[in-house]
Undergrad: 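My questions all concern the structure below.
As the structure is a prediction and not an experimental result, all values here were calculated from the model.
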Amino acid sequence: MIVLVNLKDGVDPEDYELWVLDSYAPAVRDLPSVEDWRDYRVIGLLGSDTAPPYQYVVTLDVKDLDQLGRDMAGEEMQRLFSELHDLADITQIMADRFA
């Protein structure tokens with residue numbers, strides 16, 4: 001899974017990043033369905049001065065998609081996901097690695 005993230009108006013990037021590091025990342029990494037989770041701060045577009053279309057990119061290696069659904073339905077993850085939606089607009093892309 002690839003998640004594209006833009007902070008909502010008025011959200012300080014430092015506050016978002018601290019929330020991710022202190023709350024969201026540890027919880028997601030502990031889910032049984034997740035093999036690996038990484039959050040990247042987008043710093044630019046190669047060869048361009050144009051502003052990137054997204055501020056953050058998250059990659060998530062999922063072991064079991066059905067289990068991920070069950071994991072995300074838990075009370076703690078529902079609370080954290082609600083907090084995430086208060087902070088940012090996200091686009092979740094399902095992808096299958098082939099190379």
Undergrad: Examine Val3 and Val62 and state if one hydrophobic cluster contains both, with Ile, Leu, Val, Met, Phe, Trp and Tyr joined whenever side-chain heavy atoms are less than 4.5 Å apart.
TA: yes

Undergrad: For the residue pair Trp19 and Leu80, what are the closest heavy atoms and their distance?
TA: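 In terms of heavy atoms, the two residues are closest at CZ2-O, 3.5 Å.
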
Undergrad: Can you check whether Phe81 reaches Ile90 side chain to side chain, under 4.5 Å on heavy atoms?
TA: yes

Undergrad: Could you grab the distance from atom CD1 of Ile2 to atom OH of Tyr40, nearest 0.5 Å is fine?
TA: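 Reported value, rounded in 0.5 Å steps: 10.5 Å.
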
Undergrad: Where do Val34 and Leu68 land on the side-chain contact (heavy atoms from CB on, under 4.5 Å) test, with the steps shown first?
TA: CA-CA 7 Å; Val34 174; Leu68 179 64; 4.3 Å; yes

Undergrad: Taking C-beta and beyond as the side chain, do Ile93 and Thr91 meet within less than 4.5 Å on heavy atoms?
TA: yes

Undergrad: Please check if atom CZ in Arg29 has more than 12 non-hydrogen atoms from other residues, nucleotides or ligands closer than 6.0 Å.
TA: yes

Undergrad: I'd like to know whether CD1 of Ile43 has more than 12 heavy-atom contacts from other residues, nucleotides or ligands below 6.0 angstrom.
TA: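 It does not: Ile43 CD1 has 12 such atoms or fewer within range.
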
Undergrad: Between Val28 and Met77, is any pair of side-chain heavy atoms under 4.5 Å apart?
TA: yes

Undergrad: Tell me the closest heavy-atom pair linking Gly44 and Pro52, and the distance in Å.
TA: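 Gly44 and Pro52 have their closest heavy atoms at CA-CG, 3.8 Å.
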
Undergrad: So Val57 and Arg41, do their side chains get closer than 4.5 Å, heavy atoms only?
TA: no

Undergrad: Can you find a pair of side-chain heavy atoms, one from Tyr56 and one from Asn6, that are under 4.5 Å apart?
TA: no

Undergrad: Minimum heavy-atom separation for Ala73 to Gln78, with atom names?
TA: O-CG, 3.7 Å

Undergrad: Counting only heavy atoms not in Arg70, do more than 12 fall under 6.0 Å of its CZ?
TA: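 Result for CZ/Arg70: enclosed.
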
Undergrad: At their closest point, which heavy atom of Leu7 faces which heavy atom of Pro13, and how far apart are they?
TA: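 Closest approach of Leu7 to Pro13: CD1-CA, 3.5 Å.
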
Undergrad: Between the side chains of Ser33 and Asp64, is a donor N or O closer than 3.5 angstrom to an acceptor N or O?
TA: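 No.
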
Undergrad: Salt-bridged, Asp61 to Lys63, with N to O below 4.0 Å?
TA: no

Undergrad: Val5 vs Tyr16, test: side-chain contact (heavy atoms from CB on, under 4.5 Å). Steps then yes/no.
TA: CA-CA 11 Å; Val5 179; Tyr16 168 76; 3.7 Å; yes

Undergrad: When hydrophobic residues are tied together by side-chain contacts of less than 4.5 Å, even through go-betweens, does Val20 share a cluster with Leu87?
TA: yes

Undergrad: Below 4.5 Å, heavy atoms only, C-beta onward: do Thr59 and Met1 meet side chain to side chain?
TA: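 No, their side chains stay 4.5 Å or more apart.
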
Undergrad: Check whether any side-chain heavy atom of Leu21 lies under 4.5 Å from a side-chain heavy atom of Pro26, and answer yes or no.
TA: no

Undergrad: Kindly write out the residues that satisfy salt bridge (charged side-chain N to carboxylate O under 4.0 Å, His left out) with Glu83, not counting sequence neighbours, or none if the list is empty.
TA: Arg79

Undergrad: Quick one: pull up CH2 in Trp37 and CG in Leu60 and give me the separation to the nearest 0.5 Å.
TA: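 Atom-to-atom, Trp37:CH2 and Leu60:CG are 8.5 Å apart.
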
Undergrad: Walk me through whether Leu31 and Gln67 qualify under side-chain contact (heavy atoms from CB on, under 4.5 Å).
TA: CA-CA 9 Å; Leu31 296 176; Gln67 180 63 48; over 6 Å; no

